[in-house]
Amino acid sequence: MLHIAPRLNRIQPSPSSMAGQRARELRAQGRDILALTAGEPDFETPEHIKQAAIRAMAEGQTRYTDVGGTPALKEAIAGKFLRENRLRYAPGEIIVGTGAKQVIFNALMCTVAAGDEVIVPAPYWVSYPDIARLAGGVPVFVDGPAAAGFKLQPADLERAITGRTRWLMLNSPNNPSGATYTRAELLALAEVLRRHPQVWVLTDDIYEHLVYGDAPFATLAEVAPDLQERTLTVNGVSKAYAMTGWRIGYGAGPAALIKAMVKLQSQSTSGPNSIAQAAAIAALTGPQDSIATNRQAYRARRDTVIEALNAIDGIRCEVPDGAFYVFASCSALFGLRTPQGTTITDSDDWVMHLLDAQDLAALQGSAYGVPTHFRLSFAAGTEQLLEGCRRIARARAELSGQPLHQEPQ
Ligand code: PLP
């Protein structure tokens with residue numbers, strides 16, 4: 001008989017992977033499923049990056065590398081931090097992992113003991129609470145108010161911190177809300193953090209290059225250099241260079257933390273893929289023009305989706321400043337009934353109705369800690385996005401009855 005360890009029961013499968021799988025199953029049954037669930041760019045990896053990988057293979061870079069990443073890639077990463085974030089890191093303060101996800105996993109596994117608390121501002125990327133739980137920790141959710149663009153408020157952070165707090169997870173631009181913290185907002189959070197030296201900060205900057213507003217991207221260690229000694233700055237090539245499948249992410253922070261993470265990695269993957277590391281060097285040091293080109297395309301798509309969604313009765317969404325998701329309120333639909341007689345009580349019901357009635361796959365906000373909203377990815381072609389919005393409008397038109405609230409949140 002198979003025994004599953006209790007630690008596995010503390011976590012859920014990733015909702016976005018599940019949604020992708022469900023869409024594929026329904027397609028296999030012949031349904032015309034349109035999935036706006038992707039957490040990855042729909043663009044190709046730039047050609048010069050692919051060529052670097054081919055060269056690496058031809059040159060025989062096919063063996064194990066240093067566990068924490070090749071010296072050449074660490075140098076490229078140190079160069080990126082200096083150039084783009086004005087942050088200085090030595091090679092011993094950098095780790096390369098199999099995606100940013102592994103870097104985050106390593107960090108929490110190395111530092112969170114049973115009962116330790118990890119502050120997770122909501123809405124949050126689905127993996128933070130589950131990785132914290134797997135490590136034996138307790139995620140402490142703190143809502144970022146919708147009226148404040150879903151951003152963590154300093155007073156709420158102050159209230160959430162206890163003697164057991166180990167980490168604050170900061171993700172800007174945010175998945176799923178797109179919320180992007182300004183310099184001033186980070187400084188206000190830094191003020192609180194200075195009073196609590198036991199709290200470390202993991203800043204997940206994976207969407208750094210997908211910022212659409214006027215304010216330049218800022219990261220905590222840059223705006224509050226005194227906190228660099230307890231900040232792990234996480235980033236990667238997945239979103240910026242359309243390289244999700246290559247699985248290269250990195251983190252930079254104090255040497256003692258990085259050393260522990262490398263130790264853990266030595267007993268899990270033995271290090272990231274050698275060929276993908278060579279490709280990541282080309283990404284970080286080669287031509288950067290694909291970033292601006294893709295950003296422009298995303299911005300245009302964002303504007304198209306926002307306009308189409310806000311024209312639908314009962315759907316409301318703010319314009320996201322970053323990432324490639326819209327996080328829309330559907331709370332004005334709660335209380336309405338589908339033709340099959342199901343009452344829509346939360347975004348799970350709404351997302352299920354979208355799939356059943358209109359073959360549209362979206363993600364329920366409950367997965368991100370906000371059950372009044374749902375997430376659509378705009379990493380898809382304009383025609384697909386417009387068709388998605390038409391399907392949402394049709395799904396809305398099928399609902400009848402009296403809503404619980406007159407106005408969405
Ligand atoms: N962090 C956030 C906020 C994400 O949305 C994702 C991927 O969706 C990741 C990290 C993981 O990135 P990687 O592909 O580098 O593991």
Side-chain angles (χ1 to χ4, degrees), residues 80-89 118-125 128 140-161 165 167-235 239-240 251-253 291-292 295 298-299 302-303 306 317-327 368-370 373 409:
K80 174 260 179 282
F81 277 124
L82 193 59
R83 183 175 75 240
E84 296 183 345
N85 311 108
R86 289 153 294 279
L87 287 171
R88 236 171 241 290
Y89 289 108
V118 177
I119 296 181
V120 181
Y124 47 77
W125 183 45
Y128 303 144
V140 173
F141 300 108
V142 183
D143 288 337
F150 288 115
K151 290 177 189 171
L152 174 67
Q153 300 301 295
D156 295 334
L157 171 62
E158 179 78 63
R159 262 193 298 279
I161 293 174
T165 308
W167 287 96
L168 163 65
M169 310 297 284
L170 258 192
N171 173 214
S172 170
N174 176 272
N175 174 6
S177 72
T180 304
Y181 289 74
T182 63
R183 230 187 141 73
E185 287 162 344
L186 290 176
L187 276 172
L189 294 175
E191 273 301 297
V192 175
L193 291 162
R194 285 191 184 108
R195 290 194 282 275
H196 303 280
Q198 79 280 19
V199 182
W200 283 54
V201 189
L202 190 154
T203 67
D204 180 345
D205 298 350
I206 195 92
Y207 295 100
E208 166 177 12
H209 288 296
L210 299 173
V211 173
Y212 312 111
D214 293 334
F217 172 82
T219 190
L220 187 77
E222 176 194 7
V223 306
D226 58 313
L227 296 182
Q228 188 170 344
E229 64 186 31
R230 51 185 165 113
T231 298
L232 180 68
T233 304
V234 176
N235 210 322
K239 319 282 173 171
I291 291 181
R295 181 168 45 221
Y298 287 127
R299 185 192 282 124
R302 174 196 70 166
D303 294 345
I306 291 284
C317 48
E318 303 299 328
V319 182
D321 281 334
F324 41 59
Y325 311 103
V326 288
F327 200 50
Y368 306 92
V370 183
H373 285 59
Q409 286 190 343

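Bear in mind that the values here come from a model prediction, so they are computed numbers and not experimental data.
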Please report the C-alpha distance between Tyr128 and Asp204 in whole Å, then the side-chain angles of each, then the deciding distance to 0.1 Å, and finally whether the side-chain contact (heavy atoms from CB on, under 4.5 Å) criterion is met. CA-CA 10 Å; Tyr128 303 144; Asp204 180 345; 2.6 Å; yes
So Leu202 and Leu170, side-chain contact (heavy atoms from CB on, under 4.5 Å) or not? Walk me through it. CA-CA 6 Å; Leu202 190 154; Leu170 258 192; over 6 Å; no
Can you tell me how far apart CD (Glu185) and CG (Leu220) are? Round to the nearest 0.5 Å. 12.5 Å
Atom CG of Asn235 and atom CD of Glu84: how far apart are they, to the nearest 0.5 Å? 8.0 Å
Identify, with sequence neighbours excluded, every residue that meets ring-ring contact (aromatic ring centres under 6.0 Å, His included) alongside Phe150. Phe327, His373
Would you call [X] and [Y] a side-chain contact if the rule is heavy atoms closer than 4.5 Å?
X	Y	answer
Arg88	Phe81	no
Asp205	Val234	no
Leu227	Leu193	yes
Ile119	Met169	no
Lys239	His209	no
Tyr89	Thr233	yes
Arg183	Glu222	yes
Thr165	His196	no

For a quick test of reading the model, state the closest non-hydrogen atom pair linking [X] to [Y] and the distance between them.
X	Y	value
Pro145	Lys151	CD-O, 3.4 Å
Ala215	Val211	O-CG1, 3.9 Å
Gly178	Pro173	O-CB, 4.2 Å
Thr180	Ser172	CA-OG, 3.4 Å
Ala122	Gly369	CB-O, 4.4 Å
Ile291	Ala240	CG1-O, 3.7 Å

Report the C-alpha separation of Arg195 and Glu158 in whole Å, then their side-chain angles, then the decisive distance to 0.1 Å, and conclude whether the salt bridge (charged side-chain N to carboxylate O under 4.0 Å, His left out) test is met. CA-CA 9 Å; Arg195 290 194 282 275; Glu158 179 78 63; 2.8 Å; yes
If you draw a 6.0 Å radius around CD in Glu318, do more than 12 non-hydrogen atoms from other residues or ligands fall strictly inside? no
May I ask you to check whether Thr219 and Asn85 show a side-chain donor-acceptor distance below 3.5 Å? no
Going by atom types alone, do Tyr368 and Tyr325 pair a side-chain donor with an acceptor below 3.5 Å? no
Would you please name every residue forming a side chain to side chain donor-acceptor pair (under 3.5 Å) with Thr203, sequence neighbours left out? none
Looking at residues at least two apart in the chain, or sitting in another chain, which of them share a side chain to side chain donor-acceptor pair (under 3.5 Å) with Arg194? Glu191, Asp226
Give a yes or no on whether the backbone of Asn175 and the side-chain of Asn171 come within a donor-acceptor separation of less than 3.5 Å. yes
Is there a donor-acceptor pair closer than 3.5 Å between any side-chain N or O of Tyr181 and the backbone N or O of Leu152? yes
Would you sort out whether Tyr298 and Leu210 count as a side-chain contact (heavy atoms from CB on, under 4.5 Å), showing the intermediate values? CA-CA 8 Å; Tyr298 287 127; Leu210 299 173; 3.5 Å; yes
Applying ring pair (Phe, Tyr, Trp, His ring centres under 6.0 Å) to Tyr124 and Phe141, what does each step give before you reach the verdict? CA-CA 9 Å; Tyr124 47 77; Phe141 300 108; 5.0 Å; yes
Verdict with reasoning, Val201 to Leu232, per side-chain contact (heavy atoms from CB on, under 4.5 Å): CA-CA 6 Å; Val201 189; Leu232 180 68; over 6 Å; no
